[in-house]
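Below, chain A is the first sequence line, B the second, and so on; all start at residue 1. Quick caveat: nothing in here was measured; it's all calculated off a predicted structure.
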Amino acid sequence: MASVNPAIDIDNTNEEPGTRAPLVLGGLDYAGVTETVCAPWEAENPPKIWWLILAAALSLLLVLGGCVNHLLMKGVGVWGNNNPAYWGWPIVNFVFWVGIGHAGTLISAILFLFRQNWRTSINRAAEAMTIFAVVCAGLFPGIHIGRVWVFYWLFPIPTEHLAMWPNFRSPLLWDVFAVSTYATVSILFWYMGMVPDIATFRDRCKSKIGKIAYGILSLGWTGSARNWHRYEIAYTILAALATPLVLSVHTIVSFDFAVSQLPGWHTTIFPPYFVAGAIFSGFAAVVTLLVPARALYGLQNLITLRHLENMNKIIMATGMMVGTAYGIEFFIAWYSGVPNEQFAFINRAFGNFWWAYWIMVTCNVVIPQLFWFKWCRTTPWFMVIVCIFVNIGMWFERFVITITSLCRDFIPSSWAYFHPTGIDIMMLIGSFGLFTTLFLLFCRFLPVIAMAEVKSIMPHGDDHH
Amino acid sequence: MHETRPAKITSDVVTLNDGHLKAMPLLLGIGVIGLLASFILSMFSSAGGSAFERFSFIYLVNFCFVLSISLGCMFFVIISHLTRAGWNVTVRRLAELFAMCAFPLGILFLVILLPVLMGYDFVYPWNQSGWSAHSIEQAEQIAALDAAAKPPIEQLKGAYLNPMFFSIRAIAYFLIWGAMGAFFLKTSLKQDDSGDVILTKRMQALSAPLLILFAVTIVFSSFDFEMSLSPLWFSTMFPVYFFAGAFMSGLITITLTAMWLQKNGRVTDEITTEHYHDLGKLTFGFVVFWGYIAFSQFLLIWYANIPEETFWYDYRINTTGWGIWSLILVVGHLFIPFLAIMGRTARRNRTFLAGAGIFLLVMHWVDHYWLIMPQMDAYGHVFTFNPLVDIPCAVGMIAIYIAIFCFVAKNRPLVPLKDPRLGEALNHAVH
C-alpha cells in the first residue's frame, strides 16, 4: 500500500500580488502526484468509512427503487401532485438535480477557456458529480410521464403506427433535447479527459481483469506526442462546445416555467437567474463532496485550501446574483402594476408558504454572506455546513417557484395547500442514495483527480511546452 | 519557448504626450457644432413632436451609448481586480480612464434631467400627469390595470417615476460612478509612483463590495434611463440586456483605443497580439451573451403573449421602418459578428479586429437607438430615423466623449507603470 500524505492543511490562500500561490503543495513532484492520486485506488481495501457510507447509500437506493416500483404499479397518484399543483416534487427534484449538475461543466469548460489553472485539481470529481446529478435529474421526469414503458415517445421518432409527434412548441420537449445533449457532451468530455489517467491505471494495475478493463477504456493511449496533440485539440473543441451548454440547459429548464403566463413563473430574468442558481448549487455540491473526499483520501496537497476558497468565492458571487434576481423580481412585480404579479410575490413571502420562502432567502442570500470572512471560506468543516445550507436553499427555491405559484392559480376556488406524500419524501431522500452510490464507486474505481492536467500546471512542467 | 521579458515599461511614449492639448479644443468644437447642428436640423424634422423633443431623444440615445461604454470599462476594472487578473494589466489603465469618464458625463445628462425637473415630458412621458390617458395603444391594458389595482397605474408608478426621486437617483448614480472611477484611477496612478503592493491589495479588497454597488446602480439606471421611456412596459431582464451591451462596447473601446495609441507611437511594446486576441475572445463571448439575453427576453414575452408586455416588441417589429431596424439589429449585432470573430486568425489580425470592433460599436449604437427612439413616435406610427439629425448628434457626442477622455487622461501614463502583475501581462502568451 502506497503511503498516504499526511492530512494537514497548508495555507496557500495568501497571494502576494505579483506572485501566484502554488496549487500543488507538500513538495509533490510528478511521481508524487501520481502516487497521491493512485494511493486510494491501489489500497487493497477502501477505508471502513467508505463501506459505511456505501451501505447507507445503497439502503437509500433501495428505498428509491422501492418507491419507483410502487409508483409504476400504482400510478403517479402516489405523489402529492394534485389540482392545481399538477407539478409537484418530481419537477422540484428534477430542477434541483439538474442545477447541481452544472458545476462540473462550468469548471471543465468555462474555467478552462478562462485559463483558470486551479480547476485541474477539482474538474474530474466535479464532472463525475455532474453526470451523476444529471442521472438523478433524468429519473424524475422519466417516471413522471405516466406510461414509462413508452418513454421513447418523448423523442421525435418517426413511426408508421404512431401517427403523432411530440409538441415541438413545448419547452418540455426542448428539455428532452437540452438535457440529453448536456448528458452526452458531459460524459464525452469527462471520459475523454480521463483517457490519459485511465492509461496510468492500466499501467499500474496488478489484477488481470483490471488490466483488460482499463486497457479497453484507455483506447490504446501511449502518451506519445501525437496522442497529446490530438488530445489537446479535442479538449479545446469540447470545451468550446460545452460552454454554451452550461448556459443552455438551465435556460431551457427556466423556459419550462417562464414561457407560461402564470404569475411568479413568467418573468424574463429567469434564464440567467436560473443559470446563476445552478452554478451556485453545483459549486456548493462540489465543496460538500470534495471536503470529506480530500480528507479521506489524503488529497490535501492537491485539493488545497486555495481551491476550496476559490469555489467559495464563486458560491458567494453566484449567490448574490440569485439574490439580486429575487430583488429585481420583487421590484418589477410592484412596478408592473399588474395585480396578479403583485399578489404572487406577496403571497410567496407572506402567504401559506412563507416558511419555504424565508428558508430559501436565508439559505441562499443570508448564509453565504458568511464567506465574506476569510476564516469561514477557508475552514473546511465550516464551509461544508454553509454549502449544505445552500443546497437546502436551492431546493426550496424550486419548491417556492413551483408550488406557491401553482397553488394560487387564476381560479381561487381551486386554491389549495400542497401536501407531499411519504413517497415524495422518500424519493427525494432515495435520490441522494443513487447519487452517493455512483460517486462512491467513481472514487473507488476511477482517477479522482486529473493527474495529467495537474502536472501540466506545475511550475517545473513549464519546460516541457 | 519564449523569452521572459523583465517587468519594465519599454515604450518611448506612454502618455498622450500633450496630444490632448491640441485635440481637446478641436473635439469640443466638433462636439458643440455637431450637437447644435442636430438641434437646428431637428426643427426641420417633420416627425411629430417639437424640435426639442426630437433632439432630446436622439441626445439620450447618444448619451446612453457613451455612458454604457464607460460602465462597461468600469466593470472591466472591477472584475480584473476581483479575479486578480494578470494578463490584462497593460490595458487596464485605458479601462480606468474610460470608467472615470462616467462622472463628467453626469453634466451632459443635465440636458435630459433639467427639463424633467422643470416638468417637461419631452422624453419621459411619466413626467406629465395623465400620461396613461394619452397612450391610445395601451388604453385597454391601462383600463384593465386601473380597474383591477388600487391605486391606479399612474399613481402607483408615480411613487417611483417622479421628477424629484428620478433626479435624486440620477445624481446618486453619477456620484457613485464618479467615486468608484476615481478610487480605481487614483489608486492605480499612485502605484505608478510607489509600486506599492498594498495598493493592489486595497483595490482587490474593495472590488467585491464595489461590484455590488455597480450592480445595483446599473440595474436601476437602466430601468430609469431607458426602460421608463415606456412607463407601462416592464421586463426583469432589461438590466442584464443593458449590461451585456455595455460590457461588449467597453471591451471594444479598450481594443480600439489601444490600437489607435499604438498606431500613433504610444505604448508600442506593452500591448501585444496576445492581448488583442484575448480582448477579441471576450468580445466574442459577450456578442453571444448579448444574443442569448436578447433572444431569451424576446422569446419569453412573445411566447406568453401578454398584452402588457408584447406591445413593446409589437411596435418594434410590426411597424414600417422599425421592423427592418430590428432585423438589422439581430443580424448585425449577433449573426455577422458571430461568424466574423469566431476564428482565431480573424481575432489575431489587428486590421480585421478593428473593423469588426467599429462595426460592433455601430451596432451597439443601433441597439440603443432601437431601445429609445421608438418611444418617441410610439403613438404616431412614424419611423424616426433621420440621418441629418441623428448623425451630427452622434458625431458631436462621441467627439465630446473623446474630449472628456483626453481631459481625464491628461499626460497620465496610459499603462500602469509599476503594477506588481505587470510582468505577467508583458509575458502574456497562450501556450
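Counting only N and O atoms by type, the side chains of B:Tyr241 and A:Thr268 include no donor and acceptor under 3.5 Å apart.
Residue B:Arg421 comes nearest to A:Gly18 through the heavy atom pair CG-N, 3.7 Å, listed as atom of the first residue, atom of the second, then distance.
The one candidate from B:Thr236, B:Leu161, B:Leu156 that meets the side chain to side chain contact (heavy atoms under 4.5 Å, CB included) condition with A:Tyr335 is B:Leu161.
Contact annotation for B:Phe220: only side-chain heavy atoms (C-beta onward) come within less than 4.5 Å of a heavy atom of chain A. For A:Phe114, the part sitting under 4.5 Å from any heavy atom of chain B is the side chain, from C-beta outward, and nothing else. Of the atoms belonging to A:Trp372, it is side-chain heavy atoms, and not backbone ones, that fall under 4.5 Å from chain B. Both the backbone and the side chain of B:Pro209 come within contact range of chain A, judged by heavy atoms closer than 4.5 Å. For B:Ile293, the part lying under 4.5 angstrom from a heavy atom of chain A is the side chain only. Within the 4.5 angstrom heavy-atom criterion, no atom of A:Gln116 approaches chain B. In this structure, chain A has heavy atoms under 4.5 Å from both the backbone and the side chain of B:Ala208. Interface residue A:Leu247: backbone and side-chain heavy atoms are both found under 4.5 Å from chain B. In this structure, no portion of B:Ala244 lies under 4.5 Å from any heavy atom of chain A. Of the atoms belonging to B:Trp233, it is backbone heavy atoms, and not side-chain ones, that fall under 4.5 Å from chain A. In this structure, chain B has a heavy atom under 4.5 Å from the side chain of A:Arg20, while its backbone stays farther away. Looking at A:Ser260, the atoms closer than 4.5 Å to chain B (heavy atoms on both sides) all sit in the backbone: N, CA, C or O.
The most heavy-atom pairs under 4.5 Å with chain A, out of B:Leu82, B:Leu282, B:Thr83, B:Ile153, come from B:Ile153. Considering only heavy-atom pairs separated by less than 4.5 Å from chain A, the leading option among B:Gln297, B:Arg84, B:Glu424 is B:Arg84. Looking only at heavy-atom pairs under 4.5 Å with chain A, the residue among B:Gly86, B:Pro151, B:Ala304, B:Ala7 that has the most is B:Ala304. Looking only at heavy-atom pairs under 4.5 Å with chain A, the residue among B:Phe289, B:Phe234, B:Phe298, B:Tyr303 that has the most is B:Tyr303. Counting heavy-atom pairs under 4.5 Å between each of B:Val197, B:Ile301, B:Val89 and chain A puts B:Val197 at the top. Among the candidates B:Val216, B:Val288, B:Leu299, B:Asn305, the residue making the largest number of heavy-atom pairs closer than 4.5 Å to chain A is B:Leu299.
Between B:Phe223 and A:Phe331, the ring centre distance stays below 6.0 Å.
To the nearest 0.5 angstrom, A:Asn14 atom CG is 7.5 Å from B:Lys201 atom NZ. For the atom pair B:Gln204 CD and A:Glu15 CD, the distance stands at 7.5 Å (nearest 0.5 Å). Summarising the geometry, atom CG belonging to B:Leu300 is positioned 8.5 Å from atom OG1 belonging to A:Thr267; distances are rounded to the nearest 0.5 Å. Atoms CH2 and NZ, on A:Trp334 and B:Lys157 in that order, are 8.5 Å from each other to the nearest 0.5 Å.
The number of heavy atoms from other shown groups lying within 6.0 Å of NZ (A:Lys374) is above 12. The 12-atom threshold is not exceeded at CH2 of B:Trp302, counting heavy atoms of other residues, nucleotides or ligands nearer than 6.0 Å.
For the pair A:Thr251/B:Phe295, no side-chain contact is recorded, criterion being any heavy-atom separation below 4.5 Å from C-beta on. At least one side-chain heavy atom of B:Tyr292 sits less than 4.5 Å from a side-chain heavy atom of A:Pro272. Residues A:Glu16 and B:Thr200 form no side-chain contact, since every pair of their non-hydrogen atoms from C-beta on lies 4.5 Å or further apart.
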For B:Glu309 and A:Val338, what are the C-alpha separation, side-chain angles and deciding distance, and is it a side chain to side chain contact (heavy atoms under 4.5 Å, CB included)? CA-CA 11 Å; B:Glu309 298 175 335; A:Val338 180; over 6 Å; no
A:Phe255 vs B:Ser296, test: side chain to side chain contact (heavy atoms under 4.5 Å, CB included). Steps then yes/no. CA-CA 9 Å; A:Phe255 285 172; B:Ser296 299; 4.1 Å; yes
